[in-house]
Number of protein chains: 2
Amino acid sequence: MDRIDRKLLNLMQRDASRTNVDMAEEVGLSPSSCLRRVQRLRKSGIIDRTVAILNPTKAERRIKALITVELQLHGEQHMRRFLKIAVAEEAVSQAYAVTGETDVVLMLRLRDMEEFDALCERLFRDQTNVARFFTMMIIRTAKEETAIWL
Amino acid sequence: MDRIDRKLLNLMQRDASRTNVDMAEEVGLSPSSCLRRVQRLRKSGIIDRTVAILNPTKAERRIKALITVELQLHGEQHMRRFLKIAVAEEAVSQAYAVTGETDVVLMLRLRDMEEFDALCERLFRDQTNVARFFTMMIIRTAKEETAIWL
DNA sequence: CACGCCTTTGCAATGAAATTGCAAAGATCT
DNA sequence: AGATCTTTGCAATTTCATTGCAAAGGCGTG
């Protein structure tokens, strides 16, 4: 993991659709050597995967919301049970167990408020062990970065 | 935007490293026809970009934290000023303006607590117009999904 | 229903890129 | 300095992306 590897990782985090030949030139290596580095980075697991990012405006699911959840019972098994339910929801794009007053934070991507209503119904019934939850509708997305710059 | 387009988008959101020939077979089209669809999806902007996702465990920046921020002054220009400062920080991976008690929510990716300390120093000085902020360290990431399934 | 118009498809040919063997160069450790 | 392991570049091969073109499909109109 040297300077060239980091350069490659940054390049690919910015744009993974570039050809190997193209990237090889940019980092100053021959295509074959460059390819072998990328393959090594993939196999080692540093590169987890490469994915297409859709423009959420042009897709459905324009509405984003954050929910903080306080559980009633705080044991590990209760936490796990709630997370399992939340994770299974397609509208839940991120789910975290956190420290503080709040126990769980969820990031939602919603088509409309009906979907939100239905989701709350499923997530926050009595059986789901939720004491309270607070919803924050996202007004503006100022930054949403998938990359970890090296 | 038909059934095949949606299929392609889902495929590419799962794994954008597959060859066109490979995907063409999966969706039941000839390579040329499949390629033209993908190109159209790119040009139309539905596919925003394709990126490599790193394994955060193997990268630096293992620590994640959420911060909710309450501003002192709530005008549009004050909001904009704070977001501009937050967005410029490399440790800030997501930044949102939200409804509710809280005004801004930030997602952080940190190397260590020194970086957190330094970041708070920069973000929450008097001049940044922050009334209060609450930090939630992320204990467990149960879900982190880049895709919007169609 | 027939016709014309526009879009999408598949085929085939071409050009570009990915992939691999191999020898040389470089790095590391003793 | 010598032995060993790794990385590199070159060249050959295979695979893939790309494009022209004609056929097929879809759609609205007369």
Side-chain angles (χ1 to χ4, degrees), chain A residues 1-62 111 144-150, chain B residues 1-62 111-112 145-150:
Chain A
M1 171 66 82
D2 58 3
R3 197 179 53 82
I4 294 181
D5 280 334
R6 276 189 287 275
K7 213 169 181 176
L8 281 173
L9 289 173
N10 285 340
L11 284 181
M12 296 178 68
Q13 286 188 99
R14 198 182 332 270
D15 180 3
S17 69
R18 298 174 62 181
T19 67
N20 178 58
V21 172
D22 190 15
M23 292 196 299
E25 189 180 13
E26 180 147 346
V27 302
L29 279 183
S30 70
S32 62
S33 193
C34 181
L35 180 64
R36 274 185 270 247
R37 274 177 183 262
V38 172
Q39 288 172 335
R40 180 168 51 73
L41 290 170
R42 282 188 193 287
K43 208 162 57 183
S44 74
I46 298 176
I47 297 177
D48 185 44
R49 60 217 166 96
T50 102
V51 300
I53 304 289
L54 300 198
N55 183 334
T57 313
K58 309 223 171 183
E60 338 283 288
R61 302 189 177 281
R62 287 178 161 75
R111 295 179 205 280
E144 224 164 28
E145 178 68 74
T146 54
I148 305 172
W149 304 117
L150 300 179
Chain B
M1 170 66 82
D2 58 3
R3 198 181 50 84
I4 294 182
D5 280 335
R6 277 189 286 274
K7 213 168 182 177
L8 280 173
L9 289 173
N10 285 339
L11 284 181
M12 295 179 68
Q13 285 188 99
R14 199 184 330 273
D15 180 4
S17 69
R18 297 175 63 182
T19 67
N20 178 57
V21 173
D22 190 16
M23 293 194 300
E25 189 179 14
E26 181 147 344
V27 301
L29 280 182
S30 69
S32 63
S33 194
C34 181
L35 180 64
R36 274 184 272 246
R37 275 176 183 262
V38 172
Q39 289 172 335
R40 180 168 51 73
L41 290 170
R42 282 189 192 288
K43 207 162 57 184
S44 75
I46 298 176
I47 297 177
D48 184 45
R49 62 214 165 99
T50 103
V51 300
I53 304 288
L54 300 198
N55 183 333
T57 313
K58 309 223 172 184
E60 338 285 289
R61 302 189 177 280
R62 285 177 163 75
R111 295 179 206 282
D112 49 45
E145 180 67 74
T146 54
I148 304 173
W149 304 119
L150 300 178

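First the proteins, then the strands, lettered A, B, ... as listed; each starts at 1.
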Would you please test R40(A) and D5(A) for salt bridge (Lys or Arg N to Asp or Glu O under 4.0 Å) and show each step?
-> CA-CA 10 Å; R40(A) 180 168 51 73; D5(A) 280 334; 3.1 Å; yes
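Rounded to an integer number of Å, the gap from Q39(B) CD to dT9(C) C1' is 15 Å. Counting to the nearest Å, the P atom of dC16(D) and the CZ atom of R18(B) are 12 Å from each other. Rounded to whole angstrom, the span from the CD1 atom of I4(B) across to the P atom of dG26(D) amounts to 12 Å. Protein atom CG of L41(B) is 11 Å distant from nucleotide atom P of dT8(C), rounded to whole Å. Rounded to whole Å, the distance from CZ on R36(B) to C1' on dT18(D) is 9 Å. Per the geometry, CG belonging to L35(B) stands 10 Å off C1' belonging to dT19(D), to the nearest Å. Per the geometry, CE belonging to M1(A) stands 17 Å off C1' belonging to dT6(D), to the nearest Å.
Taking the side chain of T19(A) as heavy atoms from C-beta on, and the options dG9(D), dA17(C), dG10(C), the nearest nucleotide is dA17(C). Side-chain proximity of N20(B) to dA18(C), dC10(D), dA17(D): nearest is dA17(D).
Among the heavy atoms of the strands lying under 4.0 Å from R37(B) are primed sugar atoms or P, OP1, OP2 only; no base atom is included. Using a 4.0 Å heavy-atom cutoff across all strands shown, S32(A) reaches at least one base atom of the nucleic acid.
N10(B) places a side-chain N or O within donor-acceptor distance of the main-chain N or O of L150(B), the cut-off being under 3.5 Å.
Under 4.0 Å is where a charged nitrogen must lie from a carboxylate oxygen, and between R49(B) and D15(A) no such pair does.
A 6.0 Å sphere centred on CD of E25(B) holds no more than 12 heavy atoms belonging to other residues, nucleotides or ligands.
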